[in-house]
Amino acid sequence: TDVTIFDKVNYIGDYSFSNCANLTGITIPHSVNHIGLYVFYCCAELTTATIGNNVAFISNYAFSSCTGLTTVIIGDLAASIGYSAFSYCYNLTNITIGIGIKIIDYYAFYYCTSLATINIPDSVTSIIFCSFSYCSNLKNVNLSNNLESIGNYIFYGCTSLETITIPDSVKIIGYSAFSSCSGLATIVIPCNVTHINNYAFAQCISLTNITINDGVTTIGDESFTTCT
């Protein structure tokens with residue numbers, strides 16, 4: 001069943017469509033400025049979601065455990081992607097993040113195991129704890145050029161990630177940020193990074209080329225342990 005919400009609706013409350021087992025598609029119009037917590041939680045047959053331009057915030061757990069979800073388009077006025085918003089969307093392969101997003105919150109794309117490419121627009125300044133952890137097929141990541149830090153566990157367990165460009169805007173690489181990225185072969189730490197925190201690249205067993213520029217003042221405990 002596809003659902004099209006008419007353009008007089010401006011608010012969709014918490015849990016409104018959660019556990020709708022036969023829901024396959026949803027279009028949220030530009031009139032909507034709020035979608036609630038868990039609004040499409042565990043809609044296992046949902047494959048596509050288009051989110052209108054005026055939704056200001058992708059709420060916590062909004063699409064979590066939508067295991068059939070393959071494609072998401074987020075409008076340009078959304079400012080943040082909430083806690084665990086798309087976690088456990090195992091089949092998510094296409095995500096368009098609008099140019100208004102500033103924050104990607106805790107566990108936002110946790111265990112999205114089919115996600116291969118992610119383009120993070122330059123509006124994003126903060127990516128928080130575990131946002132892309134265990135995205136085991138993630139190979140191509142384009143980070144925001146205004147990103148201030150790479151948070152703790154952000155890419156933990158992204159075993160298909162072979163290379164990533166850390167933008168010059170980054171100052172801190174968080175705890176276990178790239179730990180267990182077993183395919184990562186090359187990393188360049190840009191000159192504005194001052195801190196590489198504990199276990200940042202631990203167990204990156206394929207890492208063969210590391211360039212650390214002279215802005216770094218702290219390399220934390222076991223930052224490169226088991227990089228054989």
Side-chain angles (χ1 to χ4, degrees), residues 1-7 9 11-76 78 80-98 101 103-121 124 127-142 153-161:
T1 303
D2 284 355
V3 172
T4 299
I5 298 171
F6 290 109
D7 59 9
V9 175
Y11 181 99
I12 304 173
D14 299 349
Y15 295 90
S16 293
F17 295 92
S18 63
N19 292 289
C20 287
N22 292 314
L23 180 64
T24 57
I26 185 73
T27 299
I28 299 171
H30 299 318
S31 60
V32 173
N33 54 44
H34 176 90
I35 56 175
L37 303 173
Y38 292 88
V39 64
F40 298 104
Y41 177 77
C42 211
C43 292
E45 297 299 317
L46 184 65
T47 59
T48 60
T50 301
I51 301 168
N53 282 339
N54 289 319
V55 173
F57 173 62
I58 311 301
S59 294
N60 299 349
Y61 295 95
F63 294 90
S64 180
S65 299
C66 290
T67 53
L69 189 64
T70 62
T71 301
V72 172
I73 299 171
I74 299 173
D76 288 340
S80 62
I81 299 172
Y83 186 106
S84 208
F86 298 96
S87 62
Y88 301 105
C89 291
Y90 298 126
N91 287 300
L92 185 63
T93 55
N94 300 296
I95 176 79
T96 300
I97 298 176
I101 293 289
I103 297 170
I104 300 175
D105 213 338
Y106 289 64
Y107 297 99
F109 296 95
Y110 186 73
Y111 262 106
C112 290
T113 53
S114 296
L115 191 64
T117 299
I118 188 76
N119 294 307
I120 299 172
V124 174
I127 304 174
I128 305 176
F129 189 90
C130 281
S131 293
F132 295 96
S133 293
Y134 296 107
C135 291
S136 55
N137 278 313
L138 189 61
K139 296 178 182 178
N140 302 300
V141 177
N142 296 308
Y153 292 95
I154 292 303
F155 296 105
Y156 183 94
C158 292
T159 53
S160 296
L161 190 64

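- In this structure a side-chain-to-backbone donor-acceptor pair under 3.5 Å is missing from Ser133 to Tyr110.
- Between Tyr156 and Tyr153, the ring planes are tilted. Angles from 30° to 60° get that label.
- Using cut-offs of 30° and 60° for the angle between ring planes, the Tyr83 and Tyr107 rings count as tilted.
- A donor atom on one side chain and an acceptor atom on the other are not found under 3.5 Å apart for Ser114 and Thr93.
- In this structure a side-chain-to-backbone donor-acceptor pair under 3.5 Å is missing from Asn91 to Thr70.
- Side chain of Ser160 to backbone of Ser136: a donor-acceptor contact under 3.5 angstrom is found.
- In terms of modelled atom types and a separation under 3.5 Å, the side chain of Ser31 and the main chain of Asp7 share a donor-acceptor contact.
- Between the OG1 atom in Thr96 and the CD1 atom in Ile118 there is a gap of 8.5 Å [rounded to 0.5 Å].
- Looking at Asn54 and Asn33, their side chains never bring a donor and an acceptor atom within 3.5 Å of each other.
- Between the side chain of Asp14 and the backbone N or O of Gly36 there is no donor-acceptor pair closer than 3.5 Å.
- The backbone N or O of Thr113 lies less than 3.5 Å from a partner atom in the side chain of Asn137, making a donor-acceptor pair.
- The minimum heavy-atom distance linking Cys158 with Phe132 is given by the pair SG-O, 3.2 Å.
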